[in-house]
Colleague: 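The structure under discussion is supplied below as structure tokens; questions concerning it will follow.
Just so it is clear, the model here is predicted, and its values are computed rather than measured. What's counted below: heavy atoms across the whole structure, side chains too, no hydrogens, waters or symmetry copies. Numbers here simply count residues along the sequence, with the first being 1.
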Amino acid sequence: MEPIAYFHSPFGSKFGIPRQSGLVDELVGEIVFEPKYRNIDAVRGLEDFSHLWIIWLFSANPRQNENLTVRPPRLGGNRRLGVFATRSPFRPNPIGLSCVYINKVEFDEKHGPVISVRGADLMDGTPILDIKPYIRYCDCKEDARSGFVDNTEWEKLMVVISEELQAKLTEEQQRALVGVLELDPRPRVQNDPERVYGMPFDGMEIHFKVSGNQLIAY
């Protein structure tokens, strides 16, 4: 297999990326095709769909994981479950699957058709193996059960953006950053209120601390 496209997003590293797609609708990214697929015919009809499945490679986790159990962040990082009962990125084969909202499809003279999407959980430069339209009648299961996720509450953090940082952000960037930070990007086993975390976001280095339920970013 070879990539058909690469993803462009505000995230230059794994840290801070939402742990699932669709959690932060304000996050905007682009699918840019490789030269052999830069033909408008390749996406003909896609504008009639609202959502898209992206099949991609965990390029930051290229090695195969032979562990049969992992520690889901949703369970605090202290409980192990079978790797095939989770969506952990550490898998036997580093393949990811994300459902995103199609923002728009535009034709660029240099890059051909470019798909702008919202709600992705992909790092900048992620190789994409395939895309497929989301089809409601077969992809949406109203009676689906979600295992441990259904029984685990997830409390969002209250995010405070410093005035200095606000001055550097557009309104769209600020909404996206708040959406990312309120999900608490920290590893679940870490809870030191004095620790300073840093992550790249849209060409900036964001720093933050978390104390109780409040996150302060600067």
Colleague: With the side chain counted from C-beta on, respond yes when V100 and R118 share a heavy-atom pair under 4.5 Å apart, and no when they do not.
Modeller: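 The answer is no, as the side chains (C-beta and beyond) never meet within the 4.5 Å cut-off.
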
Colleague: If you look at every heavy atom in F90 and V83, which pair is closest and at what distance?
Modeller: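 Taking F90 first and V83 second, the nearest heavy atoms are O-CG2, 3.5 Å.
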
Colleague: Hey, are the side chains of P133 and H51 touching, using non-hydrogen atoms and a 4.5 Å cut-off?
Modeller: no

Colleague: Taking the basic N atoms (NZ, or NE/NH1/NH2) and the acidic carboxylate oxygens, is any pair closer than 4.0 Å for K156 and E182?
Modeller: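 Salt bridge flag = yes for E182 with K156.
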
Colleague: According to the salt bridge (charged side-chain N to carboxylate O under 4.0 Å, His left out) rule, which pairs have a member within residues 207-218, sequence neighbours left out?
Modeller: E194-K209

Colleague: Check whether more than 12 heavy atoms from other residues, nucleotides or ligands sit under 6.0 Å from atom CZ of R87, and answer yes or no.
Modeller: no

Colleague: With side chain to side chain donor-acceptor pair (under 3.5 Å) as the test, would you mind laying out the steps for D202 and Q173 before giving the verdict?
Modeller: CA-CA 8 Å; D202 227 356; Q173 286 175 322; 2.9 Å; yes

Colleague: Between W53 and Y134, how do the two ring planes meet: parallel, tilted or perpendicular, split at 30° and 60°?
Modeller: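 Answer is tilted, since the angle falls between 30° and 60°.
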
Colleague: Of all heavy-atom pairs between V180 and G16, which one has the smallest distance, and what is that distance?
Modeller: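 Heavy atoms of V180 and G16 come nearest at CG1-O, 2.9 Å.
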
Colleague: Under 4.0 Å between a Lys/Arg side-chain N and an Asp/Glu carboxylate O for E205 and K168?
Modeller: no

Colleague: Would you mind telling me which of I55, I102, I115 makes a side-chain contact (heavy atoms from CB on, under 4.5 Å) with I131?
Modeller: I115

Colleague: Taking atom CZ of R44 as the centre, report whether more than 12 heavy atoms of other residues, nucleotides or ligands fall under 6.0 Å from it.
Modeller: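 Not more than 12 within 6.0 Å, no.
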
Colleague: Counting only heavy atoms from other residues, nucleotides and ligands, does the tally under 6.0 Å from CD1 of I40 exceed 12?
Modeller: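 More than 12 within 6.0 Å, yes.
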
Colleague: Do L27 and P10 have side chains that approach each other closer than 4.5 Å (heavy atoms only, starting at C-beta)?
Modeller: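 In contact.
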
Colleague: Set out, in order, the CA-CA distance, both residues' side-chain angles and the distance that settles side chain to side chain donor-acceptor pair (under 3.5 Å) for D124 and S9, then state yes or no.
Modeller: CA-CA 5 Å; D124 188 53; S9 83; 4.8 Å; no

Colleague: The test is side-chain contact (heavy atoms from CB on, under 4.5 Å); show your working for I31 and F7 and say whether it passes.
Modeller: CA-CA 5 Å; I31 297 172; F7 197 79; 3.8 Å; yes

Colleague: Search all heavy atoms of A120 against all heavy atoms of V117 and return the closest pair with its distance.
Modeller: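 Smallest interatomic distance, heavy atoms only, reads CB-CG2, 4.4 Å.
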
Colleague: Would you indicate whether the side-chain heavy atoms of Y6 and E34 approach each other to under 4.5 Å?
Modeller: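 E34 vs Y6: side chains touch.
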
Colleague: Among all residues two or more places apart in sequence or in another chain, which pass the ring pair (Phe, Tyr, Trp, His ring centres under 6.0 Å) test with F201?
Modeller: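 Checked F201 against ring pair (Phe, Tyr, Trp, His ring centres under 6.0 Å); matches are F11.
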
Colleague: Is the backbone of L165 close enough, under 3.5 Å, to the side chain of S162 for a donor and an acceptor to pair up by distance?
Modeller: yes

Colleague: Give a yes or no on whether a salt bridge exists between D184 and R186, defined as a side-chain N under 4.0 angstrom from a carboxylate O.
Modeller: yes

Colleague: Does this structure show an ion pair linking K132 with D130, if we count only N-O contacts that are shorter than 4.0 Å?
Modeller: yes

Colleague: What closest approach, in Å, do R175 and E26 show between heavy atoms, and which atom pair accounts for it?
Modeller: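 So the two residues come closest at CB-CG, 3.9 Å.
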
Colleague: Nearest 0.5 Å please: distance from the CZ atom of F148 over to the OG1 atom of T86.
Modeller: 6.5 Å

Colleague: Hey, are E106 and K104 close enough for a salt bridge, meaning a charged N less than 4.0 Å from a carboxylate O?
Modeller: yes

Colleague: Is V160 close to L215 at the side-chain level, that is, under 4.5 Å between some pair of heavy atoms?
Modeller: no

Colleague: Tell me, please, which residues at least two apart from K14 pass salt bridge (Lys or Arg N to Asp or Glu O under 4.0 Å).
Modeller: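 Partners of K14 under the salt bridge (Lys or Arg N to Asp or Glu O under 4.0 Å) test: none.
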
Colleague: Less than 4.5 Å apart, side chain to side chain, heavy atoms only: is that true for D121 and R19?
Modeller: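 In short, these two side chains do not touch, never coming nearer than 4.5 Å.
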
Colleague: Does the side chain of L181 come within less than 4.5 Å of L157's, by heavy atoms?
Modeller: no

Colleague: Of all the heavy-atom pairs spanning S59 and M123, show the shortest one and how long it is.
Modeller: OG-CE, 4.0 Å

Colleague: Between Y197 and Q190, is there a side-chain donor-acceptor contact under 3.5 Å, judged purely by atom types and distance?
Modeller: yes

